[in-house]
Amino acid sequence: MSEFPTISSLAAHEGQTVTLRGWLYNIRSSGKLLFPTFRDGTGTIQGIVPKAAVPEEVFETLKNLQLESSLTVTGKVRADSRAPSGYELDVQDIHVISAVSSDDPFPITLKEHGVDFLMEHRHLWLRTPRQSAILRVRATIMRAAAEYFDTNGFIRTDPPILTPNACEGTSELFEMDYFDNDKAYLTQSGQLYVEATALALGKVYSFGPTFRAEKSKTRRHLTEFWMIEPEVAHLELNGLMDLAEAFITHIVTRVLESHRTDLKTIGRDIAKLEAVIANPATEPGAPGSAASSPHLGGGATDPSLLSSRSAAEGSASRFPRLSYDEAHAMLDAAYKAGKLENPHKYGDDFGSPDETYISSQFDKPVLVHRYPAAIKAFYMQPDPDDPTKALCLDVLAPEGYGEIIGGSQRVDSYDLLKSRIEDHNLPLAAFQWYLDLRKYGSVPHAGFGMGIERAVAWLCGLDHVRETIPFARTLNRIYP
RNA sequence: UCCUGAGUAGCUCAAUGGCAGAGCAUUCGGCUGUUAACCGAAGGGUUGUAGGUUCGAGUCCUACCUCAGGAGCCA
């Protein structure tokens, strides 16, 4: 394959004659000069074709070629300060693999298009530099997320996608027939199942698609999205917060390491991401920092994940942490100062404008913990210091990107969990296996879920999650 | 589900109730350093659908369809 170097690697081929495989991204002309721009999925490079320097056939072929025709192009790599990438290609020869017809030209032009048109042509929109850059960053985020857990002693245990019942009994689920008499539902969270695998293996995570049939029509919602969900036996809320912070820090670090060019293509303000991981003095969760425990069977605990509350609130804490009460007080003060349109009612969940305001007060993600139990899921452990609060956690991304992580310590008492299920009018029989986890050697445990697409939207600075996934599924769209 | 807004050329958009327009794209012509190149010309329309008001409707009215943004709910 080395005979076809990628465009991203051309700096190493300066002065050499190379043959690239790619597509015609754009072409301009000036009399007897052609300026074709080629792309190959790794980048773009502008070629230059003086009529006098190439065979007549090469000049005429290129001059009449439609955008997105596939081809191989041979030319000499030359550094040029006028080129955006720093290099140009002095074209010597081309070979057209497949020519696009001028009767039906490539629909995505370099001009602006509307959202509907672009989404209808998503399969072709992906070829544009910005969309390709986003998908590269997405791939790194997914890899870094899995890598964090893989290198810290977690075992990946993926839960089923077809489930027999509602996990939390709240969200709208996609329903389907399961053979003769049963209904099946697409999973809305693997959490209940990773609780089971966590009690088997200690530290686990799942990573897969998740489905919500809610009719949400906003820039933050997809009906199908990817979620990564760690679950850890013997972990309590403060350790969970440490884990979330180290996890996010690792992902941001990886993105900054290898995607500065892509982030620039996307138009991301990189300084905002650098601020998230600033203060490198403490790096408790980075891979290789001896945080992982080699064996976590039985009752072993991982000291790195069991920091006490006082430790969590000490100097090691780099992301701001607010209790629900503190966040409410902040919103209350903001409303009284005229910075918020509507008051936040104590006891209610935070609305979108509330989350935006809270996160705008910091340049790092904010951890909000201990929400009122009444507005949270049935499986969340009550706070022993104030049983009206749940030992839960939301992570709000900066710049108004909202909730990217939600998690909690889980109820570990059989009796309490059973009464919670009954209070929520959930079918006890369907949850018997879940109750078994509390019957046989229950321990405190905790976990969270991070929505990949919201994380990608935040890290790339996108205003809509539909650009964060190759083919977004939304309320009104399931094509292409 | 609710609220708001938008549907006119392949795309992005103009058009006081009075002849259907521009830029890009396509085709033809011009230009030896273009950066969404530029200059000239040509072709390209059932104005989302169905009714209604009017001498006359892209424009006003009614219903419906599609899409977008927001709310609720959530990651």
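In this text the structure is predicted, and so the values were computed from the model without any measurement. Chain A is the first sequence line, chain B the second, and so forth, proteins listed ahead of strands; every chain is numbered from 1. These values consider heavy atoms only, across backbone and side chains, with no hydrogens, waters or symmetry-generated copies.
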(request) Respond yes when some side-chain nitrogen or oxygen of A:R28 is under 4.0 Å from OP1 or OP2 of B:rU32, and no when none is. (result) no

Under 3.5 Å, which donor-acceptor pairs link side chains of residues 53-63 of chain A to any protein atom two or more places apart or in another chain?
from  : atom 1 : to    : atom 2 : distance (Å)
A:E56 : OE1    : A:K51 : NZ     : 3.4
A:E56 : OE2    : A:K51 : NZ     : 3.3
A:T61 : OG1    : A:E57 : O      : 2.7

(request) Using the C1' atom on both, measure B:rG17 against B:rU59 and round to a whole Å. (result) 7 Å

(request) Once you apply the 3.5 Å cut-off to both distances, tell me the Watson-Crick or G-U wobble partner of B:rA25, or none. (result) none

Taking only distance into account, with no hydrogens and no angle test, what donor-acceptor pairs under 3.5 Å do side-chain atoms of residues 470-480 of chain A form with protein atoms, sequence neighbours excluded?
from   : atom 1 : to     : atom 2 : distance (Å)
A:R473 : NH2    : A:P480 : O      : 2.5
A:R477 : NH1    : A:E120 : OE1    : 2.7
A:R477 : NH2    : A:D116 : OD1    : 2.6

(message) Ring-plane angle category for A:Y324 and A:H344, please: parallel below 30°, perpendicular beyond 60°, tilted otherwise.
(response) perpendicular

(message) Parallel, tilted or perpendicular: which one describes the rings of A:H250 and A:Y148, with boundaries at 30° and 60°?
(response) tilted

(message) Distance check, P atoms only: B:rG44 and B:rA57, in whole angstrom units.
(response) 25 Å

(request) Using atom OH of A:Y371 as one end and atom P of B:rC74 as the other, report the distance to the nearest whole Å. (result) 11 Å

(message) Strictly below 4.0 Å: does A:H464 bring a side-chain N or O up to OP1 or OP2 of B:rG69?
(response) yes

(message) Strictly by Watson-Crick or wobble contacts shorter than 3.5 Å, is anything paired with B:rG51, and which nucleotide is it?
(response) B:rC61

(message) Regarding A:R78, tell me which of base, sugar-phosphate or nothing describes its non-hydrogen contacts under 4.0 Å with the strands shown.
(response) base

(message) So A:I405, base contact, sugar-phosphate only, or nothing? Heavy-atom distance under 4.0 Å.
(response) sugar-phosphate

(message) Could you tell me how far B:rG45 sits from B:rU54 if I compare only their P atoms? Round to whole Å.
(response) 32 Å

(request) Have a look at A:K217 and say if it touches a base, only the backbone sugar-phosphate, or nothing, with a 4.0 Å heavy-atom cut-off. (result) base

(message) Using Watson-Crick or G-U wobble geometry with both distances under 3.5 Å, which nucleotide pairs with B:rU16?
(response) none

(request) For nucleotides B:rC24 and B:rC38, find the distance between their P atoms and express it as a whole number of Å. (result) 6 Å

(request) Please answer whether the main-chain N or O of A:E326 pairs with a side-chain N or O of A:S323 as donor and acceptor at a distance below 3.5 Å. (result) yes

(request) Measure from the side chain of A:D80, starting at C-beta and using heavy atoms only, and say which of B:rU26, B:rG33, B:rC11 lies closest. (result) B:rG33

(message) Let me spell it out: for each of A:G449 and A:Q46, pick the nucleotide of RNA chain B with the closest heavy atom. Which residue's pick is nearer the 5' end?
(response) A:Q46

(message) How many whole angstroms separate atom CD of A:E224 from atom P of B:rA75?
(response) 17 Å

(request) Can you figure out which of B:rA68, B:rC31, B:rU26 approaches the side chain of A:R466 most closely? (result) B:rA68

(message) Counting only heavy atoms from other residues, nucleotides and ligands, does the tally under 6.0 Å from CD of A:E112 exceed 12?
(response) no

(request) Classify the nucleic acid contact of A:M227 as base, sugar-phosphate or nothing, counting any heavy atom under 4.0 Å across all strands shown. (result) sugar-phosphate

(request) Using a 4.0 Å heavy-atom cut-off across all strands, classify A:I48 as base, sugar-phosphate, or nothing. (result) base

(message) From C-beta outward on A:F35, which listed nucleotide comes closest to its side chain: B:rC74, B:rC67, B:rU34?
(response) B:rU34

(request) Whole angstrom is fine here: how far is it from NE2 in A:H121 over to P in B:rA25? (result) 17 Å

(request) Determine whether any donor atom in the side chain of A:R454 lies under 3.5 Å from an acceptor atom in the base of B:rC74, or the reverse, and answer yes or no. (result) yes

(message) Distance check, C1' atoms only: B:rC19 and B:rG7, in whole angstrom units.
(response) 24 Å

(message) Going by purine N1 to pyrimidine N3 plus the second Watson-Crick contact, or the G-U wobble pair, all under 3.5 Å, which nucleotide sits opposite B:rG43?
(response) none

(request) Taking only the side-chain nitrogens and oxygens of A:N26, find out if one of them lies under 4.0 Å from OP1 or OP2 of B:rA36. (result) no

(message) Could you tell me how far B:rU4 sits from B:rA41 if I compare only their P atoms? Round to whole Å.
(response) 46 Å

(request) Write down the partner of B:rA6 under the Watson-Crick or G-U wobble criteria, each distance required to be under 3.5 Å. (result) B:rU66

(request) Give A:G402 one of three labels, base, sugar-phosphate or nothing, depending on what nucleic acid heavy atoms sit under 4.0 Å from its own. (result) nothing

(message) Under 4.0 Å, counting only non-hydrogen atoms across every strand here, what does A:S29 touch: a base, just sugar-phosphate, or nothing?
(response) base

(request) Give the nucleotide from the list B:rU34, B:rA75, B:rA71 with an atom nearest to the side chain of A:E88. (result) B:rU34

(request) Could you please name the option among B:rC73, B:rA36, B:rU27 that lies closest to any side-chain atom of A:S102? (result) B:rU27

(request) For B:rU8 versus B:rU47, give the span between their C1' atoms, rounded off to a whole number of Å. (result) 4 Å

(request) Run through A:E467, A:M142, A:R138 and flag the one making a side-chain contact (heavy atoms from CB on, under 4.5 Å) with A:V456. (result) A:R138

(request) Specify the separation, in whole Å, of atom CZ of A:R477 and atom C1' of B:rG69. (result) 15 Å

(message) I want to check one thing: is the phosphate of B:rA36, taken as OP1 and OP2, less than 4.0 Å away from some side-chain N or O of A:K111?
(response) no

(message) So, does A:S216 get its side chain near the phosphate of B:rG72, meaning an N or O under 4.0 Å from OP1 or OP2?
(response) no

(message) Just to be sure I understand the rule, does A:D394 reach a base, reach only the sugar-phosphate, or reach nothing, if contact means heavy atoms closer than 4.0 Å?
(response) nothing

(request) Starting from P on B:rC24, measure out to CG on A:L67 and report it in whole angstrom. (result) 15 Å

(request) Considering only atom P, compute the distance from B:rU12 to B:rC67 and round it to an integer number of Å. (result) 15 Å

(message) Let's test this: given Watson-Crick or G-U wobble pairing with both distances under 3.5 Å, identify the partner of B:rU34.
(response) none

(message) If the cut-off is 4.0 Å, is A:Q66 near the phosphate of B:rU27, judged by side-chain N/O to OP1 or OP2?
(response) yes

(message) The side chain of A:K32 is closest to which nucleotide in this list: B:rU32, B:rA71, B:rC67?
(response) B:rU32

(message) Counting the atoms with a prime plus P, OP1 and OP2 as sugar-phosphate, which does A:E112 contact under 4.0 Å by heavy atoms, base, sugar-phosphate, or nothing?
(response) base

(request) Kindly point out which of B:rA25, B:rG33, B:rA71 is positioned nearest to the side chain of A:P353? (result) B:rA71

(message) Tell me which one of A:L396, A:T356, A:V368 satisfies side-chain contact (heavy atoms from CB on, under 4.5 Å) with A:F350.
(response) A:V368

(request) Quick one: sort the A:F378 and A:F431 rings into parallel, tilted or perpendicular, breaks at 30° and 60°. (result) perpendicular

(request) Calculate the interatomic distance between A:L459 atom CG and B:rA75 atom C1'; express it in whole Å. (result) 14 Å

(message) Using OP1 and OP2 only, check whether a side-chain N or O of A:R219 sits under 4.0 Å from B:rA75.
(response) no

(request) Verify the stacking flag for A:H113 against B:rU12: centroid separation must be under 5.5 angstrom and the ring planes must differ by under 30 degrees. (result) no

(request) Between A:L33 and A:E355, name the one whose nearest nucleotide on RNA chain B is closer to the 5' end. (result) A:L33

(message) How many whole angstroms separate atom CG of A:L475 from atom P of B:rU66?
(response) 11 Å

(message) Which nucleotide, if any, forms a Watson-Crick or G-U wobble pair with B:rA75, using both distances under 3.5 Å?
(response) none

(message) Just to verify, which of A:K203, A:R410, A:R156 counts as forming a salt bridge (Lys or Arg N to Asp or Glu O under 4.0 Å) with A:E231?
(response) A:R410

